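These figures come from a predicted structure and were not determined experimentally. Order of the sequence lines fixes the chain letters, A, B, ..., with proteins taken first and strands second; residue numbering starts at 1 for each chain.
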Protein chains: 2
Amino acid sequence: MNQKCNKQVLIPRPALERMPVYYRCLMKAIDEGTPFVSSDELGRSVGVPGVQVRKDLSYLSGYGRPGVGYVARSLASYLEEFLGLINDKEAVLVGVGNLGRALALYPGFARYGLQIIALFDNDLAKVGQIIGGHQILPMERLANLSRRLHIQIGIITVPAPVAQEVAEAMIAGGIKMIWNFAPCRLVVPEDVLVKNEDLAAQLAMLSYHITCRKVGYVR
Amino acid sequence: MNQKCNKQVLIPRPALERMPVYYRCLMKAIDEGTPFVSSDELGRSVGVPGVQVRKDLSYLSGYGRPGVGYVARSLASYLEEFLGLINDKEAVLVGVGNLGRALALYPGFARYGLQIIALFDNDLAKVGQIIGGHQILPMERLANLSRRLHIQIGIITVPAPVAQEVAEAMIAGGIKMIWNFAPCRLVVPEDVLVKNEDLAAQLAMLSYHITCRKVGYVR
DNA sequence: TAGATTGTTAATCGATTAACAATC
DNA sequence: TAGATTGTTAATCGATTAACAATC
């Protein structure tokens with residue numbers, strides 16, 4: 001019975017993180033022509049029990065029918081709107097190494113509304129090259145271009161030692177959300193949100209589990 | 001006062017996830033020649049208060065000195081051993097697209113003990129190419145080679161529709177830990193651990209936060 | 001000794017799960 | 001109506017934080 005935003009605090013973080021997975025499960029059902037999906041089925045896709053799914057979805061609104069399940073189409077499009085997947089999100093990406101190039105070319109992003117509209121690199125040998133239809137621009141232009149185009153997301157795929165510097169240029173360009181793939185923590189003002197995608201830290205976790213021969217799903 | 005493994009259950013998952021970040025913070029201090037690091041400093045690197053750090057580290061052992069802080073060198077090498085970063089971990093990677101290639105060439109992994117020792121792809125045009133010193137092999141050889149070399153980790157960077165099939169070949173090859181970059185959940189036996197690196201799901205979270213203009217650190 | 005900081009027990013907070021009523 | 005499944009309140013479980021003693 002909850003609406004989007006504002007009530008943010010009412011949706012627990014773990015529940016929020018499960019939403020995209022529910023969404024994908026619903027999309028799959030729709031593709032397969034299944035009109036209803038039960039909470040248990042949704043739960044299996046994330047590894048939580050059905051009651052957790054029902055609890056999670058109770059924060060949103062009522063697309064469940066007792067005895068039947070959830071209406072796949074309605075719930076999927078509600079989640080789409082709730083998560084803002086239908087909104088276009090414009091991003092710049094800095095650091096066109098192997099990982100940067102892979103993200104710039106990643107086909108899955110466009111369907112979630114992400115438009116990477118400019119690439120930057122400080123390596124002059126790369127500047128001018130074209131990746132995924134976009135020319136690589138020199139770093140000097142990052143802040144101005146971001147500000148002019150009201151870019152919402154900055155993606156950082158540079159080595160750790162220069163990541164902070166890049167973040168500062170993004171912030172100077174008015175960017176309020178940074179997706180950081182560099183293995184380091186950024187220092188940013190309060191109104192800027194940083195999402196760290198720390199592959200090396202994940203690897204360290206794998207390492208721990210191998211060492212301990214611990215078993216079961218992780219995440 | 002805790003040891004590794006066995007007592008697993010005693011270390012809360014969130015604490016465990018912070019360990020690699022503490023480790024990196026300590027490494028940085030060592031590089032800079034700082035012999036001691038306080039819990040508050042460690043906390044700042046993860047975004048948790050010092051008391052949380054002390055609690056986390058209390059699960060391990062006593063490298064803290066009241067009034068002084070933690071002995072950077074000792075704690076770092078303890079964490080190294082605890083997380084198993086010093087052990088070599090051999091991996092195969094399947095799906096040499098842009099993301100697969102980026103991971104195969106990622107320089108940060110080797111320092112955490114990860115050795116990607118074979119690449120596979122079902123695209124015959126790619127088979128035989130050399131990436132990062134390794135020839136790309138055909139899928140048919142995945143299970144046998146994994147078994148023969150006692151490979152520990154399988155990295156999946158194929159499109160979602162074929163990920164399950166790849167996982168099964170890995171499992172047939174005796175692999176017990178899968179790092180899955182495909183945007184889907186894998187069905188695996190109980191003794192196989194799957195770590196999902198779901199970039200599209202992360203993007204959906206960013207999307208939500210943009211939509212809601214929510215602010216602060218995420219993770 | 002005074003100041004700083006760790007380590008730990010108890011209190012709080014928040015998420016998950018159990019129980020059960022409501023509804024298709 | 002009987003069977004299945006949702007939705008919600010209360011109980012449980014686990015992680016974080018507060019308070020404070022211990023130690024350099």
Side-chain angles (χ1 to χ4, degrees), chain A residues 1-3 7-19 21-22 25-26 29 34-76 78-79 216-219, chain B residues 1-3 7-19 21-22 25-26 29 34-76 78-79 216-219:
Chain A
M1 286 308 136
N2 186 344
Q3 271 62 26
K7 317 264 190 68
Q8 304 151 355
V9 184
L10 295 184
I11 298 183
R13 164 83 76 94
L16 197 56
E17 287 178 350
R18 287 186 286 264
M19 298 293 178
V21 190
Y22 298 151
C25 183
L26 291 163
T34 315
F36 299 100
V37 182
S38 74
S39 59
D40 271 342
E41 286 172 81
L42 286 168
R44 237 168 285 132
S45 74
V46 198
V48 297
V51 65
Q52 179 73 77
V53 176
R54 295 197 293 281
K55 182 88 194 180
D56 289 351
L57 295 179
S58 75
Y59 296 114
L60 302 179
S61 115
Y63 293 101
R65 286 198 209 157
V68 177
Y70 293 85
V71 186
R73 254 174 210 292
S74 320
L75 182 56
Y78 186 86
L79 279 176
Y217 271 88
V218 175
R219 206 148 172 257
Chain B
M1 287 304 135
N2 186 343
Q3 270 60 27
K7 317 264 189 67
Q8 304 152 355
V9 185
L10 295 184
I11 299 183
R13 164 84 75 95
L16 196 56
E17 288 178 350
R18 288 187 285 266
M19 298 294 177
V21 189
Y22 298 151
C25 184
L26 290 163
T34 315
F36 299 101
V37 183
S38 74
S39 57
D40 272 342
E41 286 170 82
L42 285 168
R44 237 169 284 132
S45 74
V46 198
V48 296
V51 65
Q52 178 75 76
V53 176
R54 295 198 292 281
K55 182 88 194 180
D56 289 351
L57 295 179
S58 75
Y59 296 114
L60 303 179
S61 118
Y63 294 100
R65 285 198 210 156
V68 177
Y70 293 86
V71 185
R73 255 173 210 293
S74 320
L75 183 54
Y78 187 86
L79 279 175
Y217 271 89
V218 174
R219 200 139 176 272

Undergrad: Within less than 4.0 Å of OP1 or OP2 of D/dT5, is there a side-chain N or O belonging to A/S39?
TA: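 False: A/S39 side-chain N/O out of range (4.0 Å or more) of D/dT5 OP1/OP2.
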Undergrad: Using side-chain hydrogen bond (donor to acceptor under 3.5 Å, both in side chains) as the criterion, list what pairs up with B/S45, not counting sequence neighbours.
TA: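 Once residues adjacent in sequence are excluded, B/S45 has no partner under the side-chain hydrogen bond (donor to acceptor under 3.5 Å, both in side chains) criterion.
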Undergrad: Any protein N or O atoms within reach of nucleotides 15-21 of chain C? Criterion: under 3.5 Å, listing atom names and distances.
TA:
residue	atom	partner	partner atom	Å
C/dT16	OP1	A/R18	NH1	3.2
C/dT16	OP2	A/R18	NH2	3.1
C/dT16	OP2	A/Q52	NE2	3.3
C/dT16	O5'	A/Q52	OE1	3.0

Undergrad: Just the rounded figure in Å: distance from P of D/dG14 to CG of B/L16.
TA: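 B/L16 atom CG is separated from D/dG14 atom P by 16 Å.
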Undergrad: Below 4.0 angstrom from OP1 or OP2 of D/dT5, is there any side-chain N or O of A/Y63?
TA: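 No, because none of the side-chain N or O atoms of A/Y63 sits under 4.0 Å from OP1 or OP2 of D/dT5.
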Undergrad: How is the base pairing of DNA chain C summarised as a dot-bracket string, given the Watson-Crick and G-U wobble criteria with both distances under 3.5 Å, [ ] for crossing and | for another strand?
TA: ..||||||||||||||||||||||
Undergrad: Any side-chain heavy-atom pair from B/V46 and B/V53 closer than 4.5 angstrom?
TA: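 They are not in side-chain contact.
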Undergrad: Checking side chain to side chain donor-acceptor pair (under 3.5 Å) between A/S39 and each of A/R44, A/Q52, A/R54, which is the one that passes?
TA: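 Answer to the side chain to side chain donor-acceptor pair (under 3.5 Å) test with A/S39 among A/R44, A/Q52, A/R54: A/R54.
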Undergrad: Of the listed nucleotides (C/dT5, D/dT6, D/dC24), which one gets closest to any side-chain atom of A/S38?
TA: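 Selected nucleotide (nearest to the side chain): D/dT6.
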Undergrad: Indicate the atoms forming the closest heavy-atom contact of B/G64 with B/P66, along with that distance.
TA: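 Where B/G64 meets B/P66 most closely, the heavy atoms are O-CD, 3.9 Å.
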Undergrad: Once rounded to the nearest 0.5 Å, what's the spacing between atom OH of A/Y63 and atom CG of A/L75?
TA: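 That separation rounds to 8.0 Å.
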Undergrad: For B/M19 and B/D56, which heavy atoms make the closest approach, and how far apart are they?
TA: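 Smallest heavy-atom distance, with atoms named: CE-O, 3.5 Å.
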Undergrad: Could you say whether B/V68 or A/V68 is positioned toward the 5' end of DNA chain C, judged by the nucleotide with the nearest heavy atom to each?
TA: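 Nearer the 5' end of the strand: B/V68.
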Undergrad: Enter the distance from B/Y22:OH to B/L57:CG here, rounded to the nearest 0.5 Å.
TA: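 The CG atom of B/L57 is 6.0 Å from OH of B/Y22, to the nearest 0.5 Å.
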Undergrad: Can you tell me how far the OH atom of A/Y78 sits from the CG atom of A/L26, to the nearest 0.5 Å?
TA: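 These two atoms lie 14.0 Å from each other.
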Undergrad: Could you state the atom-to-atom distance from CG of A/L57 to P of D/dT5 in whole Å?
TA: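 To the nearest whole Å, that distance equals 16 Å.
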Undergrad: Between atom CD in B/E41 and atom C1' in C/dT5, what is the gap in whole Å?
TA: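 Spelled out: CD on B/E41 to C1' on C/dT5 is 11 Å.
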Undergrad: Kindly give the heavy-atom pair with the smallest separation between B/V37 and B/A29, and that separation in Å.
TA: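 Here B/V37 and B/A29 meet closest at CG2-CB, 3.5 Å.
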Undergrad: Side-chain N or O of B/Y70 less than 4.0 angstrom from OP1 or OP2 on D/dC24?
TA: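 So the side chain of B/Y70 is outside the cut-off, no N or O lying under 4.0 Å from OP1 or OP2 of D/dC24.
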